[in-house]
Amino acid sequence: MSFVLNLDMEKTTIAAIATPIGNGGVGIIRLSGSLALDIVLKCFTSKTSIKPRYATYGTILTPDFSDDVIVIYFPGPRSFTGENVVEIQAHGGAFLLQKLVEHLLTLGATLAQPGEFSKRAFLNGKISLDQAESIMDKIAAESESQLKAISLVSQGALSKKLFLMEKELLNCLAQIETILDQPDDDIDYSTVADLKSKIASAGSDINSFISSANEGRIMSSGIQIAVIGRPNVGKSSLFNAIINRDRSIVTNIEGTTTDTITESILYKGVKLVFNDTAGQRDIRSDTKTNEISKIEEFGIQRSRQVMEKADIILAIFDGSCKPTKQDIKILDLLDSFNNKQVIFVLNKSDLTSFNENTVNWDTPCGNTIFTSAVSHENISKLKELVYSSITESFQIHQAHDTLVITSTRHLNELALAYRALVNALENINGLSLDMIATDITTALDHLGNISGTNVSDAVIDEIFSNFCIGK
């Protein structure tokens, strides 16, 4: 990797608290820059000298107080940022750490900007841009599957593949340039065939990444589940039983749930996001309940939007009685969502009338489950059915072996690169070499926006501005 080093960066030594804000047992302050060790030595005393990569116990002295700390020195370029780095492990009081940083600023350090440590690591060629982004993604991870997918990126799996594609495409540009430099010579069609093969191969690899994005979205955002049904079928009670806490209000009054309530759980390392929606029913407004009816109507409309975005729809029905007109309308509504996976849940299996009424329900046997929100019958089986319905489709259980795209930014750049290579293949049939070169260059630009080999300062600044200070 080769990146342009910011000269101002070379002149400044930055400092910031690297641990979360708040009180704790230990807090870490990080410095990076050519003067990192010199600045620390101005206020640090110890009975032993500081040895690179060894923990040194001592005391930091300020004009107002002192603190016993551990100092670790990482000389550049063998450090995270590629510069001299010093980490101070102090007591974890928020006020204490802030005052220590303020003292370091008086000794010559500059307060770090958000993401500046990671930005320096990128600019110094220690990590690729996608690896830098994975740092914050890893911190924000909420499931094992997401963490595994991000870990592959942080280890360089994505950048390695991108670099190989970029190398092949650059080779294509070199071949085209050779042909264009010799306009009087006949075009060697074996060279054209080689170009076509390389462009198609890169396009195929990019398309594979794009195809993995839906799986990546599930890993990142979780499996989205819409919980629907008419009022009083036990929908909210079942929702509470699934998440194992009283989150939705449960009453026998119709229309209690007027807005979507969202909660998530972890199941086998995958995030399951359940969305309890407003009960589906026909609202007859009158002068007394007009305002309330409007609110409920908005909630019902929103539940349709939740269904549109969901990966799975849990359709809840009261199995202790025959289907009502509203149940039949819901079943008809589900027909318009035939692209969604639907699990039919016949609830209230604890009631004596349940067994005699289940014969009245015509639902797909393989996608139907009997439950009780009261006795918690089959709640675990319901979670397993939700999990297996999606994970078998996207093979999420193989996430630790398969590189998937979890970043929306990466997906957008890959889509633009793929489109450019498709254009290049179309142009190659007409031997429009100039246009092919332009398309390949466009594809390289978009791939470089992910790996960082060819990225603008504006993109870099935008990415790292979303990092926390100290990272």
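All values below come from the heavy atoms of this structure, side chains included, with hydrogens, waters and symmetry mates left out.
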Handout entry: CD on Q146 to CD1 on I218, rounded to 0.5 Å
Key = 12.5 Å

Fill in the blank from the handout: Closest non-hydrogen atoms of A121 and F80, given as atom of the first, atom of the second and distance, are CB-O, 3.1 Å

Practice task
Start with the C-alpha gap between I440 and I176, add the side-chain angles, then the distance that decides, and say whether side chain to side chain contact (heavy atoms under 4.5 Å, CB included) holds.
Solution key: CA-CA 10 Å; I440 292 175; I176 293 173; 4.0 Å; yes

Practice task
Please name the pair of heavy atoms, one in V459 and one in R409, separated by the smallest distance, quoted to 0.1 Å.
Solution key: CG1-NH1, 4.0 Å

Handout entry: S134 side chain to D137 backbone, donor-acceptor under 3.5 Å
Key = no

Handout entry: Criterion side chain to side chain contact (heavy atoms under 4.5 Å, CB included) against M307, the qualifying member of I228, N275, V227
Key = I228

Completion exercise
When every non-hydrogen atom of G108 is compared with those of I39, the smallest separation belongs to C-CD1, 3.6 Å

Practice task
Could you give me the CA-CA distance, side-chain angles and deciding distance for S32 and T81, then say whether side chain to side chain donor-acceptor pair (under 3.5 Å) is met?
Solution key: CA-CA 7 Å; S32 180; T81 63; 2.8 Å; yes

Handout entry: Test item: S46 side-chain N/O and S49 main-chain N/O as donor-acceptor pair under 3.5 Å
Key = no

Problem - Audit row: L403, F209, side chain to side chain contact (heavy atoms under 4.5 Å, CB included) steps and yes/no - result: CA-CA 8 Å; L403 181 62; F209 285 143; 3.6 Å; yes

Practice task
Kindly say whether S389 contributes a backbone atom to a donor-acceptor pair with the side chain of Q341 at under 3.5 angstrom?
Solution key: yes

Problem - Under 3.5 Å side-chain donor-acceptor pair for S201 and E168 - result: no

Practice task
Report yes or no: is the cationic atom of R53 (NZ for Lys, CZ for Arg) under 6.0 Å from the centre of the six-membered ring of Y73, at an angle within 45° of the ring normal?
Solution key: no

Problem - Check: N207 main-chain N/O paired with S211 side-chain donor or acceptor under 3.5 Å - result: yes

Problem - Expected output: side-chain K51 to main-chain T56 donor-acceptor under 3.5 Å - result: no

Practice task
Would you mind reporting whether I17 and L100 have side-chain heavy atoms less than 4.5 Å apart?
Solution key: no

Handout entry: Side-chain H-bond candidate by donor/acceptor type, N427 with D439, under 3.5 Å
Key = yes

Handout entry: Atom pair CG (N244) and CD (E263), whose distance is rounded to the nearest 0.5 Å
Key = 12.0 Å

Exercise for the section: Evaluate the side-chain proximity of V101 to L97: yes if any heavy-atom separation is below 4.5 Å, no if none is. Expected result: no

Exercise for the section: Over all heavy atoms of both residues, which pair between T262 and F239 is shortest? Give the atoms and the distance, please. Expected result: C-CZ, 4.5 Å

Exercise for the section: Quick one: closest heavy-atom pair of T13 and L35, and the distance? Expected result: OG1-N, 3.1 Å

Exercise for the section: Can you measure from CG (L173) to OG1 (T441) and round to the nearest 0.5 angstrom? Expected result: 4.5 Å

Handout entry: Ion pair check, R217 and D311, cut-off under 4.0 Å
Key = yes

Handout entry: Residue I21 excluded, over 12 heavy atoms near CD1 under 6.0 Å
Key = no

Exercise for the section: Mind checking the OG-NZ spacing from S118 to K471? Nearest 0.5 Å is all I need. Expected result: 6.0 Å

Handout entry: Donor-acceptor contact below 3.5 Å, side chain N23 vs main chain A94
Key = yes

Problem - Test item: I261 and F274 side chains (from C-beta on) under 4.5 Å apart, heavy atoms - result: no

Exercise for the section: Go through the side-chain N and O atoms of D130 and S128 and say whether any donor and acceptor fall under 3.5 Å apart. Expected result: yes

Problem - Inter-residue atom distance I313.CD1 - F344.CZ, 0.5 Å rounding - result: 9.0 Å

Problem - Presence of salt bridge, K268 and E384, under 4.0 angstrom - result: yes

Handout entry: Q113 backbone acceptor or donor facing E116 side chain under 3.5 Å
Key = yes

Practice task
Assess whether atom NZ of K160 is packed by more than 12 heavy atoms of other residues, nucleotides or ligands within 6.0 Å.
Solution key: no

Problem - D64 with K99: basic N within carboxylate O range, under 4.0 Å - result: no

Handout entry: CE/M435: more than 12 non-hydrogen atoms of other groups inside 6.0 Å
Key = no

Practice task
Verify the neighbour count for atom OH of Y54: are there more than 12 heavy atoms of other residues, nucleotides or ligands below 6.0 Å?
Solution key: no

Problem - Pair N84, S34: side-chain N/O donor-acceptor within cut-off below 3.5 Å - result: no

Practice task
Check whether more than 12 heavy atoms from other residues, nucleotides or ligands sit under 6.0 Å from atom NZ of K161, and answer yes or no.
Solution key: no

Exercise for the section: State, without any angle test, whether Q131 and S154 hold a side-chain donor-acceptor pair at a distance under 3.5 Å. Expected result: no

Exercise for the section: Please report the closest heavy-atom contact between A310 and K340, naming both atoms and the distance. Expected result: O-NZ, 2.8 Å

Practice task
State whether a side-chain donor-acceptor pair under 3.5 Å links R120 with T12.
Solution key: yes

Exercise for the section: State, without any angle test, whether N378 and T371 hold a side-chain donor-acceptor pair at a distance under 3.5 Å. Expected result: no

Practice task
Determine yes or no for a side-chain-to-main-chain donor-acceptor pair under 3.5 angstrom, with T442 supplying the side chain and T438 the backbone.
Solution key: yes

Practice task
Please say whether the positively charged group of K119, taken as NZ for Lys or CZ for Arg, lies over the ring of F122, i.e. under 6.0 angstrom from the six-membered ring centre and within 45 degrees of the axis.
Solution key: no

Practice task
Count the heavy atoms of every other residue, nucleotide or ligand shown that sit under 6.0 Å from NZ of K198, and state whether that count exceeds 12.
Solution key: yes

Practice task
Look at the side chain of K271 and the backbone N and O of I265, then say whether any donor-acceptor pair between them is shorter than 3.5 Å.
Solution key: no

Exercise for the section: Using atom types as modelled and distance alone, determine if a side-chain donor or acceptor of S79 lies under 3.5 Å from a backbone N or O of G76. Expected result: no

Practice task
For K42 and D38, run salt bridge (charged side-chain N to carboxylate O under 4.0 Å, His left out): C-alpha distance rounded to whole Å, both residues' side-chain angles, the deciding distance at 0.1 Å, then the answer.
Solution key: CA-CA 7 Å; K42 291 179 181 179; D38 296 334; over 6 Å; no

Practice task
To the nearest 0.5 angstrom, please state how far the CD atom of E133 sits from the CZ atom of F467.
Solution key: 6.5 Å

Practice task
For side chain to side chain contact (heavy atoms under 4.5 Å, CB included), just list the numbers for I50 and I72, CA-CA rounded to whole Å, side-chain angles, deciding distance to a tenth of an Å, and then say yes or no.
Solution key: CA-CA 8 Å; I50 293 177; I72 306 176; over 6 Å; no

